[in-house]
Amino acid sequence: DSSTSRGLGDVYKRQVLGANAAAAGIQSLVSGSGNDSFTAATTTSFTIDGGNGTDALTLTTAGSVSDFSKLTSIEKLQLADGVNTVDLTTSGASQFSTVIGGSGADSFSEANLASFTIAGGSGSDTVSLTTSGQIISDANFTNLGNIEALILTGGNNSVVLGANAAAAGIQSLVSGS
């Protein structure tokens, strides 16, 4: 139905989705094989299929982000400026290879450090690992940038902090109990 879905093919490379798109009845977008960039208020504002290529979604509203059910083939998630809490352990989050924080103090939850590349942005940003028994070498910190705190869950964790942890911005480590 052309009134509710729009195929972007290889023509559009950037699509801003807002009140005008919703008012026009657009509910979903299906992209082509190029590298596409979308902008929307939240991850649930529209159904977006990025298609092939490396596709990005930039959010314009800060807050809690955990529902990725309306997104497919989006490799990069850019959070809005402000304070964001992102749960990367939920269904659909595995499509992201990169998550970039906004200007506020952002919190990211993930199962282990190897799952995503996370750039915290400005603000005091935190990564919380949701599983215990982590064995983290200094090399595991190469996927992080501008992350000031790492929070571990449970016990039996082993962490080596070295040059990569320092380069990632790690200033504090909170051990699980």
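For the numbers below, each heavy atom of this structure counts, side chains included, while hydrogens, waters and symmetry mates do not. Predicted model only: the values in this text are computed from it and were never measured.
For the atom pair CG (D138) and CG (L161), the distance works out to 7.5 Å, reported to the nearest 0.5 Å. Atom-to-atom distance recorded for E148:CD and T126:OG1 is 7.5 Å, nearest 0.5 angstrom. With values rounded to the nearest 0.5 angstrom, T42 atom OG1 is found 8.0 Å from K70 atom NZ. Within the model, atoms CG of L88 and OG of S109 stand 7.5 Å from one another, a figure rounded to the nearest 0.5 Å. The CD1 atom of I74 lies 11.0 Å from the OG1 atom of T43; values are rounded to the nearest 0.5 Å. D87 CG to S64 OG: the interatomic distance, rounded to the nearest 0.5 Å, is 8.0 Å.
Residues L113 and L144 are in side-chain contact: their nearest non-hydrogen atoms beyond the backbone lie under 4.5 Å apart. Looking only at side-chain heavy atoms (C-beta outward), F68 and T90 come within less than 4.5 Å of each other. Contact of the L150 side chain with the L129 side chain is registered, since non-hydrogen atoms from C-beta on lie closer than 4.5 Å. In this structure, the side chains of E110 and V127 come closer than 4.5 Å at one or more pairs of heavy atoms. Between T61 and L59 the shortest side-chain heavy-atom distance does not fall below 4.5 Å.
Transitive grouping of hydrophobic side chains (ILVMFWY, heavy atoms separated by less than 4.5 Å) keeps V160 and F141 in distinct clusters. Under a hydrophobic-cluster definition in which Ile, Leu, Val, Met, Phe, Trp and Tyr are linked whenever side-chain heavy atoms come within less than 4.5 Å, directly or via other members, V83 and V65 are assigned to different clusters.
Considering every non-hydrogen atom in both D67 and S69, the closest pair reads OD1-OG, 2.6 Å. For the pair D81 and A62, the tightest heavy-atom approach, listed with the atom from each and the gap, is O-CB, 3.4 Å. Contact record, F38 with G50: CE1-CA, 4.2 Å, taken as the closest heavy-atom pair. Heavy atoms only, all atoms of each residue included: T60 and A80 are closest at C-CB, 3.5 Å.
Sorted by first and then second residue, the side chain to side chain donor-acceptor pair (under 3.5 Å) pairs with a member in residues 128-137 read T131-Q134, S137-N140; sequence neighbours excluded.
Through direct or relayed side-chain contacts under 4.5 Å between Ile, Leu, Val, Met, Phe, Trp and Tyr, V174 connects to I151.
No more than 12 heavy-atom neighbours from other residues, nucleotides or ligands sit within 6.0 angstrom of CD1 on I135.
Side chain of N164 to main chain of T142: no donor-acceptor pair is present (N/O by atom type, distance under 3.5 Å, no hydrogens or angles). A donor-acceptor pair under 3.5 Å is formed between the side chain of N112 and the backbone N or O of S115.
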Just list the side-chain donor-acceptor pairs under 3.5 Å for residues 96-108, sequence neighbours left out, or say none.
{"residue": "S97", "atom": "OG", "partner": "E75", "partner atom": "O", "Å": "3.3"}
{"residue": "S103", "atom": "OG", "partner": "G82", "partner atom": "N", "Å": "3.4"}
{"residue": "D106", "atom": "OD1", "partner": "N84", "partner atom": "N", "Å": "3.0"}
{"residue": "D106", "atom": "OD1", "partner": "N84", "partner atom": "ND2", "Å": "3.0"}
{"residue": "D106", "atom": "OD2", "partner": "G102", "partner atom": "N", "Å": "2.8"}

